[in-house]
Amino acid sequence: MSKKDFYEILSVSKSATAEEIKKAYRKKAIEFHPDKNPGNPQAEENFKLAAEAYEVLSDPNKKAKYDQYGHQAFDGTGGFGGHGHMNMDDIFSQFGDIFGGAFGGSGFGGFGGNSGGQRRVKGSNLRIKVKLTLEEIANGVEKKVKVKRKIQALGVKYKTCSTCNGQGQVLKVTNTILGRMQTATTCHVCGGSGQTIESKPHNADAYGMILEDETVSIKIPAGVVDGMQLKVSGKGNDAPGNGVAGDLIVAIEEQEHEFLKREGENLHYDLYISFAEAALGVSKDIEAINGKVRIKLEEGIQSGKILRLKGKGIPSLNSYGNGDLLVHVNVWTPKTLSKEQRQFFEKSMTDENFIPHPEKTDKSFFEKVKDMFS
């Protein structure tokens, strides 16, 4: 089932400013908040959709990728890893500051519509860089990486924080010219988890965490680009007090290919041939992304000719098919000649057949460049 457009979810245009997007999200979230729609699964679903849309459109980098690639830029990796896997606590912990006191002094009434419940905090994200070959980018790949992440140690016992009474937030009352203003801030003792450590193993840190190596499997779709960031939900650091684990942010680094140059979804290949091959015509094996491809060059082919091999490029991230492989023909001029070769070319200089006679159908360099990008 195709996913609904993020701009449509928030009822904003693509040209909307960051402030307009924020206001639109706040309006939608208040409309569909669980506290206002108890027992309404559709309202909760709409609430999650709005949060997912805002999570992408509020980030300039993610918004640019969404505008270019659509949902494919984040499927299985971006947003909240798909709204179907979102936890209400994830939404509240990330976007609680947007709502202020819209639902009472404790922000969201204890997160997830359970007023008086404990607040679950989210662990910090981890970031790694994954190097991919052009072949891996073209075909998609599953990478297994070893990550050193913080996890909760066995045997840790928690107790309710006495400072915030398990709320994760403390209320502060300030007298202003408009009257008494009540604001909620994160508890500085428990860090917002609502719990403090009662006992822990000797090898755990002050938050009851230990470092552990974990092998994480990352499915990378075909067509990713250098610098793109993917997200593996829940594979960052754990949070104290049985909170929500952070995410693993995966930055893509594209390794340079020995023969092929990438330009978006198209690939470029420089093919060098001799005078003799250009004059007589020849068949050549060239390097393509998934092995060699044989092409036939007609006799009398000119240097600068561009041959387009349809569908031999990089797959589109939006599943719109593959790009092309553009073969640039270059006639190689020898730098040294034997006596016999020099005599041959000296005679050829006055030969009518060797004098350039470009036809009207022969395209100029600029026309070839124009064709290449069209």
query = How about Glu277 and Ile301: do any of their side-chain heavy atoms sit closer than 4.5 Å?
reply = no
key: Taking every non-hydrogen atom, the tightest pair across Pro221 and Leu230   = CD-CD1, 4.2 Å
key: Distance-only side-chain donor-acceptor flag, Glu287 / His257, under 3.5 Å   = no
inquiry  = Please report the interatomic distance NE2(His268) to CG(Leu260), rounded to the nearest 0.5 Å.
reply    = 10.5 Å
inquiry  = Quick check: is Leu267 connected to Val329 through a chain of hydrophobic side chains (ILVMFWY, heavy atoms under 4.5 Å apart)?
reply    = yes
task = Measure from the side-chain N and O atoms of Asp324 to the backbone N and O of Gly313, and report whether any donor-acceptor pair falls under 3.5 Å.
result = no
key: Ser303 versus Val331, closest heavy-atom pair with distance   = OG-N, 3.1 Å
message = Can you tell me if Glu256 has over 12 outside heavy atoms packed within less than 6.0 Å of its CD?
response = no
inquiry  = With a 4.5 Å cut-off on side-chain heavy-atom distances among I, L, V, M, F, W and Y, is there a chain of contacts connecting Val216 to Ile151?
reply    = no
task = Give, for atom CG of Asp226 and atom CZ of Arg262, the distance between the pair rounded to the nearest 0.5 Å.
result = 8.5 Å
message = Keeping Asp247 on the side-chain end and Gly234 on the backbone end, is there a donor-acceptor pair under 3.5 Å?
response = yes
ask   = Is Gln341 reaching over with its side chain to a backbone N or O of Ser338, donor-acceptor style, under 3.5 angstrom?
value = yes
message = Would you say Asn237 and Ser124 are linked by a side-chain donor-acceptor pair, where the criterion is simply a distance under 3.5 Å?
response = yes
query = What distance separates Asn139 CG from Asn290 CG, expressed to the nearest 0.5 Å?
reply = 4.5 Å
inquiry  = Could you check whether any side-chain heavy atom of Ile249 comes within less than 4.5 Å of a side-chain heavy atom of Ile128, counting everything from C-beta outward?
reply    = no
query = Do Phe275 and Phe354 sit in the same hydrophobic cluster, where Ile, Leu, Val, Met, Phe, Trp and Tyr count as joined when their side-chain heavy atoms come under 4.5 Å apart?
reply = yes
request  = Salt-bridge test for Glu31 and Arg26: reply yes if a basic N is under 4.0 Å from a carboxylate O, no otherwise.
outcome  = no
task = Going by the salt bridge (charged side-chain N to carboxylate O under 4.0 Å, His left out) test, name the single residue among Lys235, Lys146, Lys144 that passes it with Glu214.
result = Lys235
remark   = Rounding to 0.5 Å, atoms OH (Tyr272) and NE2 (His328) come to a distance of 10.5 Å
query = Out of Lys131, Lys143, Gln255, which residue meets the side-chain hydrogen bond (donor to acceptor under 3.5 Å, both in side chains) rule with Glu136?
reply = Lys143
inquiry  = Measuring only between side-chain heavy atoms, which start at C-beta, is Leu325 closer than 4.5 Å to Tyr269?
reply    = yes
request  = Taking all non-hydrogen atoms of both residues into account, name the closest pair between Pro201 and Ala153 and its distance.
outcome  = CG-CB, 4.1 Å
Between Ser217 and Glu142, a side-chain donor and acceptor under 3.5 Å = yes
inquiry  = Using the rule given for side chain to side chain contact (heavy atoms under 4.5 Å, CB included), can you reason through Val147 versus Thr215, listing the C-alpha separation, both sets of side-chain angles and the distance that settles it, and then say yes or no?
reply    = CA-CA 6 Å; Val147 178; Thr215 300; over 6 Å; no
task = Quick one: do Asn322 and Ile314 satisfy side chain to side chain contact (heavy atoms under 4.5 Å, CB included)? Show the steps, please.
result = CA-CA 5 Å; Asn322 285 30; Ile314 300 293; over 6 Å; no
key: Ile252 side chain near Val225 side chain, heavy-atom distance below 4.5 Å   = no
message = Is any side-chain heavy atom of Gln195 closer than 4.5 Å to one of Cys190?
response = no
Close side-chain approach of Ile306 and Val327, heavy atoms under 4.5 Å = no
inquiry  = Using a 6.0 Å cut-off, check whether atom NZ of Lys312 has over 12 heavy atoms from anything other than its own residue.
reply    = no
request  = Verify whether one side chain among Asn40 and Glu44 offers a donor that lies under 3.5 Å from an acceptor in the other.
outcome  = no
request  = Under the side chain to side chain contact (heavy atoms under 4.5 Å, CB included) rule, what do Ile218 and Ile220 come out as? Steps first, then yes or no, please.
outcome  = CA-CA 6 Å; Ile218 307 169; Ile220 301 174; 3.9 Å; yes
Distance, nearest 0.5 Å, that separates OG of Ser11 from CD of Glu20 = 13.0 Å
key: Nearest atoms (heavy-atom pairs only) where Leu211 meets Lys150   = CD2-CG, 3.7 Å
task = Considering only NZ, NE, NH1 and NH2 on the basic side and carboxylate oxygens on the acidic side, decide whether Arg149 and Asp213 come within less than 4.0 Å.
result = no
task = Begin with the C-alpha distance, continue with both residues' side-chain angles, and end with the deciding distance and a verdict on side chain to side chain contact (heavy atoms under 4.5 Å, CB included) for Leu10 and Ile21.
result = CA-CA 7 Å; Leu10 296 184; Ile21 291 172; 4.1 Å; yes
ask   = If you group Ile, Leu, Val, Met, Phe, Trp and Tyr by side-chain heavy-atom gaps below 4.5 Å, do Ile273 and Phe345 land in one group?
value = yes
task = Say whether Val130 and Leu248 are linked into one hydrophobic cluster, either directly or through other cluster members, by side-chain heavy-atom distances under 4.5 angstrom.
result = yes
ask   = Is any side-chain heavy atom of Asp285 closer than 4.5 Å to a side-chain heavy atom of Val293?
value = no
note = Looking only at heavy atoms, the pair that brings Leu126 and Lys148 closest together is CD1-O, 3.8 Å
inquiry  = For a 4.5 angstrom cut-off between non-hydrogen side-chain atoms, does Leu49 reach Lys4?
reply    = no
query = Donor-acceptor pair, Tyr66 side chain versus Phe6 backbone, under 3.5 Å?
reply = yes
inquiry  = Please tell me whether Lys63 and Tyr7 have a donor and an acceptor in their side chains that are separated by less than 3.5 angstrom.
reply    = yes
ask   = In terms of heavy-atom contacts, does OH of Tyr207 have more than 12 from other residues, nucleotides or ligands at under 6.0 Å?
value = no
request  = Take atom CG of Leu154 as the centre, draw a 6.0 Å sphere, and report whether it contains more than 12 heavy atoms from other residues, nucleotides or ligands.
outcome  = no
request  = Ignoring hydrogens and angles, tell me if any N or O in the side chain of Asp351 forms a donor-acceptor pair with the backbone of Asn353 under 3.5 Å.
outcome  = yes
key: Spacing of OG1 belonging to Thr185 relative to NZ belonging to Lys172, to within rounding of 0.5 Å   = 7.5 Å
request  = Step through it carefully: locate the ring centre of Tyr25, locate the ring centre of Tyr54, and say whether they are under 6.0 Å apart.
outcome  = yes
inquiry  = Can you give me the closest heavy-atom contact between Ile9 and Lys28, atom names plus distance?
reply    = O-CE, 3.3 Å
